[in-house]
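Input: a single structure, listed below in structure tokens.
Keep in mind it's a predicted model, so treat the numbers as computed, not measured. Just the heavy atoms: all of them, side chains too, but no hydrogens, waters or symmetry mates, feed the values below. We count residues from 1, following the sequence as given.
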Amino acid sequence: MIYGIIIILAYLLGSIPSGLIVGKAFYGVDIREHGSGNLGGTNTFRTLGIKAGMIVTIADILKGTLAAALPFFFGSDMHPLMAGVFAVVGHMYPLFAGFRGGKAVATSGGVLLAYVPLMFLIILGVFFLSLYITKYVSLSSIMAAIVSIIYALIIWDIPLIIVVSILGFFVIYRHRANIKRIRNKTEPKIKWLG
């Protein structure tokens with residue numbers, strides 16, 4: 001019973017469409033009608049600017065962190081990563097936004113922040129280093145996902161290996177169009193870093 005409540009709450013947390021809320025409430029813009037059409041931080045940065053992008057990215061991270069903390073709040077023995085995965089699914093397929101969400105990078109990071117803060121800091125560093133060098137958010141997200149899997153293998157945490165492999169698959173799969181555009185040299189580069 002408690003497991004079911006946690007799973008539902010985690011999914012609903014993930015389903016909160018931060019990008020849609022910020023865009024409509026403060027800018028009068030539905031970001032799904034602009035850029036990539038995604039509800040995540042990257043499209044918010046592209047469509048609404050740095051301030052809105054930062055707010056949405058932080059909110060999406062916190063969704064994952066809070067979801068992973070739900071078992072603790074309920075005094076449950078459910079693994080926090082399990083709860084976190086449902087928040088990630090909610091972010092990608094949000095109930096409150098017609099099941100059209102983001103690519104789950106920030107929310108996945110938030111789950112890891114709750115469970116292994118050091119790993120979160122390392123992959124955040126990898127993300128920004130890659131972003132500084134390549135100027136591709138999509139490629140940097142994929143690099144962060146790969147490094148998270150390597151980190152999990154190094155510390156040999158089996159639940160973490162399983163979950164970051166799943167999350168990494170989600171991230172890479174959701175970026176498949178971006179990968180094609182990078183190959184074709186049509187993927188937009190950021191202009192606000194370096």
Would you check, one step at a time, whether the test side chain to side chain contact (heavy atoms under 4.5 Å, CB included) holds for L131 with K135?
-> CA-CA 5 Å; L131 191 61; K135 304 297 186 289; 5.7 Å; no

Under 4.5 Å between side-chain heavy atoms, hopping through other hydrophobics if needed: is there a path connecting V116 to L121?
-> no

Just by distance, with hydrogens left out, do Y136 and N178 show a side-chain donor and acceptor under 3.5 Å apart?
-> no

Any side-chain heavy atom of V111 within less than 4.5 Å of one from V85?
-> no

Could you check if a side-chain atom of L48 sits within less than 4.5 angstrom of a side-chain atom of F45, using non-hydrogen atoms only?
-> no

Heavy atoms, side chains only, cut-off 4.5 Å: are M78 and I7 in contact?
-> yes

Which atoms form the tightest heavy-atom contact between L39 and P94, and what is the distance?
-> CD1-CG, 4.5 Å

Can you get from M92 to I8 by hopping between Ile, Leu, Val, Met, Phe, Trp and Tyr side chains that sit under 4.5 Å apart?
-> yes

For residues S15 and F96, report the shortest heavy-atom separation together with the two atoms involved.
-> O-CD1, 3.4 Å

Is there side-chain contact between I31 and L20, with at least one heavy-atom pair below 4.5 Å?
-> no

Would you confirm whether T107, through its side chain, and D60, through its main-chain N or O, come within 3.5 Å as a donor-acceptor pair?
-> yes

Output the distance between atom CD1 (I123) and atom CD1 (I146), rounded to the nearest 0.5 Å.
-> 12.0 Å

What distance separates I16 CD1 from Y11 OH, expressed to the nearest 0.5 Å?
-> 12.0 Å

Here the gap from I162 atom CD1 to I149 atom CD1, rounded to the nearest 0.5 Å, amounts to 12.5 Å

Could you tell me the separation between the OG1 atom of T44 and the OH atom of Y27, rounded to the nearest 0.5 Å?
-> 9.5 Å

Sub-3.5 Å donor-acceptor pair from the side chain of K185 to the main-chain atoms of I182, do we have one?
-> no

At their closest point, which heavy atom of R174 faces which heavy atom of G101, and how far apart are they?
-> NH2-O, 3.6 Å

Is the closest side-chain heavy-atom distance between V137 and F127 below 4.5 Å?
-> yes

Validate the cation-pi geometry between K24 and F26: distance from NZ or CZ to the six-membered ring centre under 6.0 Å, angle to the ring axis within 45°.
-> no

Heavy-atom check, side chain of I6 versus side chain of M82, under 4.5 Å = no

Indicate if L124 and M119 have the same hydrophobic cluster label, given that clusters are the connected sets of ILVMFWY residues with side-chain heavy-atom separations under 4.5 angstrom.
-> no

Worked check of side chain to side chain contact (heavy atoms under 4.5 Å, CB included) between I179 and I142 = CA-CA 9 Å; I179 294 168; I142 292 167; 3.7 Å; yes

Criterion side-chain contact (heavy atoms from CB on, under 4.5 Å) against S148, the qualifying member of L153, V164, L160 | V164

Taking the side chain as every heavy atom from C-beta outward, state whether L9 and F74 have any pair of such atoms under 4.5 Å apart.
-> yes

So, T57 side chain and M54 main chain: donor-acceptor pair closer than 3.5 Å or not?
-> no

Derivation and outcome, side chain to side chain contact (heavy atoms under 4.5 Å, CB included), residues V88 and Y93 = CA-CA 9 Å; V88 170; Y93 306 104; over 6 Å; no

Is it true that a side-chain atom of N38 and a backbone atom of G40 form a donor plus acceptor pair closer than 3.5 Å?
-> no

Ring-face cation contact, F170 with K103, 6.0 Å cut, 45° max | no

Mark yes or no for whether N43, through its side chain, and H34, through its backbone, hold a donor-acceptor pair below 3.5 Å.
-> yes

Minimum heavy-atom distance A83-A67, with the two atoms named = CB-O, 3.3 Å

Donor-acceptor contact below 3.5 Å, side chain S76 vs main chain P71 | no

Answer with yes or no whether the side chains of Y151 and D157 bring together a donor and an acceptor at under 3.5 Å.
-> no

Do L113 and I122 sit in the same hydrophobic cluster, where Ile, Leu, Val, Met, Phe, Trp and Tyr count as joined when their side-chain heavy atoms come under 4.5 Å apart?
-> no

Give a yes or no on whether Y3 atom OH has more than 12 heavy-atom contacts from other residues, nucleotides or ligands under 6.0 Å away.
-> yes

Quick one: pull up OG in S140 and OH in Y132 and give me the separation to the nearest 0.5 Å.
-> 13.5 Å

Taking every non-hydrogen atom, the tightest pair across F99 and L95 | CZ-CD1, 3.8 Å

If only atom types and distance count, is the side chain of H175 paired as donor or acceptor with the main-chain N or O of V171 below 3.5 Å?
-> yes

Is it true that F72 and F86 fall in one hydrophobic cluster, defined by side-chain heavy atoms closer than 4.5 Å?
-> yes

Looking only at heavy atoms, what is the nearest atom pair of H79 and P159, with distance?
-> NE2-CB, 3.6 Å

For the side chain of R176 and the backbone of Y173, is there at least one donor-acceptor N/O pair under 3.5 Å apart?
-> yes

Residues, nucleotides or ligands: over 12 heavy atoms within 6.0 Å of M143 CE | no

Interatomic spacing from CD1 in I166 to CD1 in I161 - rounded to 0.5 Å = 12.0 Å

